Amino acid sequence: MTLGLLDIDHVGIAVQDLEAAVDLYRRTLGVEPVHRERVEDQGVEEVLFPAGTSSIQLLGALGPTTPVGLFLAKRGPGVHHVAYRVVDVEAALEHLRAEGVRLIDETPRRGSRNTTIAFVHPKGTGGVLVELVQRPS
Ligand code: CMX
Ligand code: CO
């Protein structure tokens, strides 16, 4: 059993003002966003900028008690999570469970762009919130 790591899928960045951040990233990266989605059950609106085989994911909170809203209140804007693209999220979770790593999601759920995702607790990964992402087949 391995993690089945393929790539860094995206880096999630928490922002206070999504429209201002989109404007900043558009001007500084010099590329246009490729995707925007409101993910109600995650409490976020995300905007994706392409970066090679990976993406930058800007995250605006849908409310103060959502995960990103709480993060912004506690730490302010900045890097929120690193997402690893894996072959199979279920198998990756099984691997981490066998390694004794603390999980947030015990079973995979649906992410944006019809991906399958699961979060690993920052306490289990040296302080980095990790998201596992499996692309739709
Ligand atoms: N990165 C690193 N550490 C983090 C963190 C983050 N993004 N968010 C919280 N923490 C730390 C806190 O600092 C805290 O540490 P201490 O106990 O040392 O103070 C600890 O984790 C618990 O944090 P908390 O504020 O007490 O608890 P929360 O209610 O904020 O829960 C977490 C934290 C990670 C369980 C929750 O944010 C979560 O379930 N996240 C996964 C879902 C998510 O973030 N979705 C949005 C992204 C959507 C997407 O990419 O599609
Ligand atoms: Co993400």
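Since the structure is predicted, the reported quantities are computational estimates derived from the model, not experimental observations.
Remark: Asp41 engages no residue in a side-chain hydrogen bond (donor to acceptor under 3.5 Å, both in side chains) (not counting sequence neighbours). When the salt bridge (Lys or Arg N to Asp or Glu O under 4.0 Å) test is applied to Glu32, the partners found at least two apart in sequence or on another chain are Arg26. For Glu90, there are no salt bridge (Lys or Arg N to Asp or Glu O under 4.0 Å) partners at least two apart in sequence or on another chain. Listed by chain and residue number, Arg85 satisfy the salt bridge (Lys or Arg N to Asp or Glu O under 4.0 Å) test with Asp7 (two or more places apart in sequence, or in another chain). By the side-chain hydrogen bond (donor to acceptor under 3.5 Å, both in side chains) test, Thr115 is found to be paired with no residue, residues two or more places apart in sequence or in another chain being considered. The salt bridge (Lys or Arg N to Asp or Glu O under 4.0 Å) test applied to Arg36 returns Glu19, Glu45, not counting sequence neighbours. Considering only residues two or more places apart in sequence or on other chains, Asp105 meets the side-chain hydrogen bond (donor to acceptor under 3.5 Å, both in side chains) condition with Arg109. Residues that satisfy the side-chain hydrogen bond (donor to acceptor under 3.5 Å, both in side chains) test with Asp88, not counting sequence neighbours, are absent from this structure.
Side-chain contact of His80 with Gln57: a donor-acceptor pair under 3.5 Å is absent, judged by distance alone.
For the ring-ring contact (aromatic ring centres under 6.0 Å, His included) condition, no pair includes a residue of residues 88-111, sequence neighbours left out.
The hydrophobic cluster around Ile117 extends to Ile104, Phe119, Leu129, Val133, counting ILVMFWY residues whose side-chain heavy atoms fall within less than 4.5 Å of a member. Under a 4.5 Å side-chain heavy-atom criterion applied to ILVMFWY residues, the cluster that includes Val39 comprises Val44, Leu59, Val68, Leu72 as well. Here Leu48 is tied into one hydrophobic group with Val34, each link being a pair of ILVMFWY side chains closer than 4.5 Å.
Between His81 and His10, the ring planes are perpendicular. Angles over 60° get that label, and only those under 30° would be called parallel.
Contact of the Asp9 side chain with the Arg135 side chain is registered, since non-hydrogen atoms from C-beta on lie closer than 4.5 Å. Counting heavy atoms from C-beta outward, Leu6 and Val86 have side chains that stay 4.5 Å or more apart. For the pair Leu70/Lys74, no side-chain contact is recorded, criterion being any heavy-atom separation below 4.5 Å from C-beta on.
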